[in-house]
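First up is the structure itself, then whatever we jot down about it.
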Amino acid sequence: MCQNEVRTRYAPSPTGFVHIGNLRSALYEYLVAKANNGKFILRIEDTDQKRYVEGAVNVIYETLKIVGISHDEGPDIGGDYGPYMQSERKDLYLPYAEKLIENKKAYYCFCKEERLEDLRQEAEKKKIQFKYDRHCLHLSEEEIQRKLNAKEPYVIRQLMPDSGKTTYNDSVYGDITFDNDVLEDQILIKSDGFPTYNFANVIDDHLMKISHVVRGSEYITSTPKYVLLYNAFGWEPPIFVHLPLVVKQGGGKISKRSGDAYFSDLIESGYLPEAVVNFIVLLGWSSGTEQEFFTLSELEKVFDIKGIGKSPSTYDTDKLRWMNGEYIRKKTLDEFIAIASPWIDKALQRSYDKAKICAMIQKRVEVLSEIPDMISFLNDISTIDVNLYDNVKSKCNINEAKRILPIIRDKIMEMDVFNHDSIYIMFTSTAEKLGVKNGLVMWPVRIALSGMLVTPGGAVEIADILGKDEALRRIDLAIAQLVDIDA
RNA sequence: GGCCCUUUGGUCAAGUGGUUAAGACAUCGCCCUUUCACGGCGGUAACAGGGGUUCGAGUCCCCUAAGGGUCACCA
């Protein structure tokens with residue numbers, strides 16, 4: 001294997017859902033690897049047994065699959081550096097921690113959680129930052145051995161230097177320096193025997209030969225601790241690539257309550273995976289060109305770490321909607337029929353020509369979930385609000401409707417061929433004969449056919465979809481309603 | 001609060017000392033037109049503030065402010 005191979009990893013913890021910030025990380029990690037002919041590894045970080053969620057790992061596989069990201073190594077497909085499920089690696093971490101203890105870079109801690117809690121509250125009262133007081137650092141060898149023999153629960157803590165500074169280079173943010181004395185003696189091994197994320201990520205990234213650690217910027221402040229760990233082991237740290245956060249409108253981390261933040265929600269409400277990917281990759285990354293539409297495979301070629309910005313970006317649904325609409329419009333009619341069908345079926349109680357409906361709505365749909373409301377009038381309509389006949393621009397009003405509708409009804413009756421073109425000709429020739437604008441004919445017909453002020457498509461398209469019989473029925477109904485109205 | 005990071009229009013953003021400071025979404029207006037939408041054309045709108053450095057600063061430095069992140073036996 002090539003020594004300088006680029007290897008990145010997506011290391012989610014299986015909490016049940018993948019939100020878009022998380023998905024964006026996965027995307028960037030994938031793209032950093034692919035743009036450099038590298039490998040993309042999936043590792044599941046399930047060291048917190050308390051947070052285990054049934055089926056969550058499948059959600060992750062499913063999400064990656066829908067998005068079109070495929071991993072080169074992972075729990076489901078194996079690889080040379082497995083296992084890829086951290087819980088299955090459990091026993092591998094302790095020896096590393098013990099080695100650190102030997103080298104005086106870590107120590108056993110037997111402090112009870114209650115004691116820590118008291119310390120924490122005390123610190124809060126004094127308004128100072130809580131930091132473990134190293135109570136157990138000074139235990140004698142014998143004392144430690146005695147407690148160990150007595151099976152007292154313990155954790156292992158990393159011993160931080162208490163002076164000096166630690167600096168590391170980040171590909172996005174540049175050099176970042178921390179005073180060592182702000183670093184707490186963090187826990188490496190928990191009392192249940194599992195490693196903490198803080199320990200496991202370092203061990204695993206090293207063992208799995210991860211070259212670029214790509215992750216959210218919330219890890220910036222804990223990275224010096226990891227660097228110290230790499231140093232303690234004498235390992236070369238990876239290249240760090242911290243990503244600016246995606247925040248919700250108004251600022252703040254994306255959370256469950258901030259709307260359509262979960263990828264699965266987006267898909268269920270009719271956003272296209274490729275649109276979401278395209279939108280999300282542009283949140284914090286720029287190609288430097290004017291191009292704004294990218295397929296995944298294009299991104300695999302042009303993605304560059306240099307294009308990643310430093311400032312957090314807002315998750316703005318307006319632009320996502322627009323972009324989704326663009327993707328919908330770019331589809332062929334057949335493709336659109338395929339993705340719109342479930343939504344049409346959901347809305348329609350009677351059978352109409354789906355292709356005609358799709359041709360009509362394709363340019364008007366931004367998100368698939370809009371479809372049912374858009375076409376529900378095709379089922380049936382309730383009593384028409386006669387005020388809808390009033391329209392200044394087409395010079396229509398109730399009286400004109402009363403005049404025009406019966407004429408159109410008779411014309412339709414005479415038609416043998418009832419399709420888009422013949423309907424259009426019938427309307428326009430009628431208008432011509434009457435010496436009025438097309439709009440004056442189309443307006444009342446469209447209202448009579450739909451009962452709505454705004455419809456996806458005009459009188460011709462709607463009549464065509466409804467068919468001769470239904471169109472006639474609706475116009476008759478409208479006429480009957482108008483008879484009793486004095487305007 | 002300590003530490004770290006960020007700051008170009010409402011939003012996404014280009015910009016790497018010299019530009020009339022791009023482009024996109026949104027918004028507004030006009031055109032097209034069979035309502036709406038699509039499409040076309042055009043408009044409004046930004047370098048957080050203050051000091052430096054420099055012939056010259058959105059670009060470099062410092063301070064202030066605002067926002068965010070982080071301070072767990074979560075990741």
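Every chain is numbered from 1 and lettered A, B, ... according to where its sequence line falls, protein lines coming before strand lines. These numbers were taken from a predicted model, which means no experiment stands behind them.
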Mind checking [X] for me? I need base, sugar-phosphate or nothing, with any heavy atom below 4.0 Å counting as a touch.
X: A:Thr289; value: nothing
X: A:Ser450; value: nothing
X: A:Phe279; value: nothing
X: A:Gly284; value: sugar-phosphate
X: A:Gln49; value: nothing
X: A:Asn198; value: base
X: A:Gln186; value: nothing
X: A:Lys50; value: sugar-phosphate
X: A:Thr455; value: base
X: A:Cys396; value: nothing
X: A:Arg120; value: sugar-phosphate
X: A:Ser13; value: sugar-phosphate

[atom1]-based separation of [M] from [N] [nearest Å]:
N: B:G58; M: B:U7; atom1: C1'; result: 11 Å
N: B:G9; M: B:G23; atom1: C1'; result: 13 Å
N: B:C60; M: B:G69; atom1: C1'; result: 26 Å
N: B:C25; M: B:A13; atom1: P; result: 16 Å
N: B:A37; M: B:C32; atom1: C1'; result: 13 Å

Taking the six-membered ring for Trp, is the centroid-to-centroid distance between A:Tyr168 and A:Phe240 below 6.0 Å?
->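 So the answer is yes for these two rings.
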Examine A:Phe279 together with A:Tyr271 and report whether their ring centres are nearer than 6.0 Å.
->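 A:Phe279 vs A:Tyr271: aromatic centres not under 6.0 Å.
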From the list [options], which nucleotide is the closest neighbour of the side chain of [X]?
X: A:Trp322; options: B:A72, B:U34, B:C25; value: B:C25
X: A:Glu113; options: B:C73, B:A75, B:U35; value: B:C73
X: A:Asp48; options: B:C73, B:C74, B:C38; value: B:C74
X: A:Thr314; options: B:U11, B:C73, B:A75; value: B:U11
X: A:Glu326; options: B:U34, B:G39, B:U7; value: B:G39
X: A:Glu45; options: B:A75, B:U7, B:A26; value: B:A75
X: A:Val454; options: B:C36, B:A24, B:C12; value: B:C36
X: A:Arg51; options: B:A75, B:A22, B:C73; value: B:A75

From CA spacing to verdict: side chain to side chain donor-acceptor pair (under 3.5 Å), A:Tyr197, A:Asp48 | CA-CA 9 Å; A:Tyr197 164 85; A:Asp48 186 359; over 6 Å; no
Residues in contact with RNA chain B, drawn from residues 153-175 of chain A - heavy-atom cutoff 4.0 Å =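 The answer is A:Val155, A:Tyr173.
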Go through residues 353-366 of chain A and report each residue with a non-hydrogen atom lying under 4.0 Å from RNA chain B, sorted by number.
->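 Hits under 4.0 Å, by residue number: A:Lys363, A:Arg364.
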Would you please say whether a donor-acceptor pair under 3.5 Å links the side chains of A:His242 and A:Ser171?
->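 Note: A:His242 and A:Ser171 side chains miss the donor-acceptor criterion.
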Flag for A:Arg215-A:Asn201: side-chain donor and acceptor within less than 3.5 Å |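 A:Asn201 vs A:Arg215: donor-acceptor pair found between side chains.
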Side chain A:Lys319 and base B:A24 donor-acceptor under 3.5 Å |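 Under the 3.5 Å cut-off, the side chain and the base do form a donor-acceptor pair.
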Hey, is the side chain of A:Arg446 pairing donor to acceptor with the base of B:U34 inside 3.5 Å?
->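 Result: no qualifying N/O pair found.
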Please tabulate, one pair per line, all N/O donor-acceptor pairs under 3.5 Å involving side-chain atoms of residues 155-165 of chain A, not counting sequence neighbours.
residue	atom	partner	partner atom	Å
A:Arg157	NH1	A:Asp185	O	2.8
A:Gln158	OE1	A:Gln186	NE2	2.7
A:Gln158	NE2	A:Lys225	O	3.3
A:Asp162	OD2	A:Arg134	NH1	3.4
A:Lys165	NZ	A:Asp179	OD1	2.6

Both distances below 3.5 Å, Watson-Crick or wobble geometry, any strand: find the nucleotide opposite [N].
N: B:U27; result: B:G43
N: B:U16; result: none
N: B:U6; result: B:A66
N: B:G58; result: none
N: B:G1; result: B:C71

Atom CG of A:Leu188 to atom P of B:A75: distance rounded to whole Å?
->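 From A:Leu188 CG to B:A75 P: 12 Å.
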Rounded off to whole Å, could you give me the CZ-to-P distance for the A:Phe178 and B:C3 pair?
->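 Interatomic distance, CZ of A:Phe178 to P of B:C3: 12 Å.
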Geometric class of the A:Trp285/A:Phe294 ring pair [parallel <30°, tilted 30-60°, perpendicular >60°] |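 Rings of A:Phe294 and A:Trp285: perpendicular, over 60°.
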Could you tell me how the ring of A:Tyr61 sits relative to the ring of A:His71: parallel (under 30°), tilted (30 to 60°) or perpendicular (over 60°)?
->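 Because their plane-to-plane angle is under 30°, the rings of A:Tyr61 and A:His71 count as parallel.
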Sequence-aligned protein contact record of nucleotides 63-70 of chain B, with B where the base is within under 4.0 Å of a protein heavy atom and S where only the sugar-phosphate is = -----SBS
Distance-only donor-acceptor hits, side chain of residues 449-460 of chain A, under 3.5 Å, sequence neighbours excluded:
residue	atom	partner	partner atom	Å
A:Ser450	OG	A:Arg446	O	2.8
A:Ser450	OG	A:Met452	N	3.1
A:Ser450	OG	A:Met452	O	3.4
A:Thr455	OG1	A:Arg446	NH1	2.8
A:Thr455	OG1	A:Gly457	O	2.8

So, taking the atom named [atom1] in [X] and the one named [atom2] in [Y], what distance separates them when rounded to the nearest 0.5 Å?
X: A:Thr8; Y: A:Tyr28; atom1: OG1; atom2: OH; answer: 14.0 Å
X: A:Trp443; Y: A:Asn438; atom1: CH2; atom2: CG; answer: 15.0 Å
X: A:Leu228; Y: A:Phe178; atom1: CG; atom2: CZ; answer: 12.0 Å

According to the ring-ring contact (aromatic ring centres under 6.0 Å, His included) rule, which pairs have a member within residues 105-128 of chain A, sequence neighbours left out?
->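 The answer is A:Tyr108-A:Tyr154.
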So with a 6.0 Å cut-off around NZ of A:Lys437, is the heavy-atom count from everything else above 12?
->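 Open.
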